[in-house]
Amino acid sequence: ALEGAARIAPFLVRFSRGERDWRETRETAGLELKSAFRRRLRMSAAMHPFLTNPCGQRVFEATARGGILPFGAILRWVR
């Protein structure tokens, strides 16, 4: 939440100074957030079914042990 707030703060500052109207502020801030979080949300959505059921958890556990999936990279993608 804090990261999202930090990303849209410049848009809100421009709005508060009267440099942009509310419609434009909402649209540009929304595009910024979508762009910033797109990969993270896609990766999280792909992982969620595996993490929330026992079978999927076993798959992740086995791939982690075998070094098959790049868990370090995946963690960076969802942070």
Side-chain angles (χ1 to χ4, degrees):
L2 293 176
E3 183 180 352
R7 286 183 175 274
I8 65 167
F11 300 98
L12 297 174
V13 168
R14 284 186 225 120
F15 170 74
S16 70
R17 291 179 179 161
E19 298 170 5
R20 302 283 189 272
D21 66 24
W22 183 241
R23 183 196 54 77
E24 183 181 8
T25 300
R26 283 183 307 132
E27 288 175 3
T28 55
L31 290 172
E32 167 65 20
L33 291 175
K34 283 181 184 178
S35 173
F37 296 112
R38 181 176 291 127
R39 181 178 61 191
R40 184 181 302 181
L41 291 172
R42 283 185 188 155
M43 183 60 67
S44 297
M47 290 173 42
H48 189 263
F50 290 95
L51 296 173
T52 57
N53 74 59
C55 182
Q57 292 168 4
R58 286 191 294 274
V59 169
F60 265 161
E61 184 178 355
T63 56
R65 279 197 203 126
I68 296 169
L69 287 176
F71 282 98
I74 291 171
L75 183 59
R76 285 190 302 276
W77 293 336
V78 297
R79 280 191 170 172

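- A chain of hydrophobic side-chain contacts below 4.5 Å, direct or via other Ile, Leu, Val, Met, Phe, Trp or Tyr residues, connects Met43 to Phe50.
- The number of heavy-atom neighbours closer than 6.0 Å to CZ of Phe37, taken from other residues, nucleotides and ligands shown, is above 12.
- What you find for Cys55 and Asn53 is that their closest heavy atoms are N-OD1, 3.1 Å.
- Considering every non-hydrogen atom in both Phe15 and Asp21, the closest pair reads CD1-C, 3.8 Å.
- Between the side chain of Thr63 and the main chain of Val59, a donor-acceptor pair closer than 3.5 Å is present.
- Annotation: the span from Glu19 atom CD to Glu24 atom CD amounts to 10.5 Å, rounded to 0.5 Å.
- The heavy-atom pair separating Pro10 from Ala6 by the smallest distance is CD-O, 3.5 Å.
- Note: the hydrophobic cluster containing Leu51 does not contain Leu41 (ILVMFWY, side chain heavy atoms under 4.5 Å, direct or indirect links).
- Summarising the geometry of Ala29 relative to Ile8, their closest heavy-atom pair is CB-CG2, 3.7 Å, with the distance given to 0.1 Å.
- Shown here are the side-chain hydrogen bond (donor to acceptor under 3.5 Å, both in side chains) partners of Arg7, two or more places apart in sequence or in another chain: Glu32.
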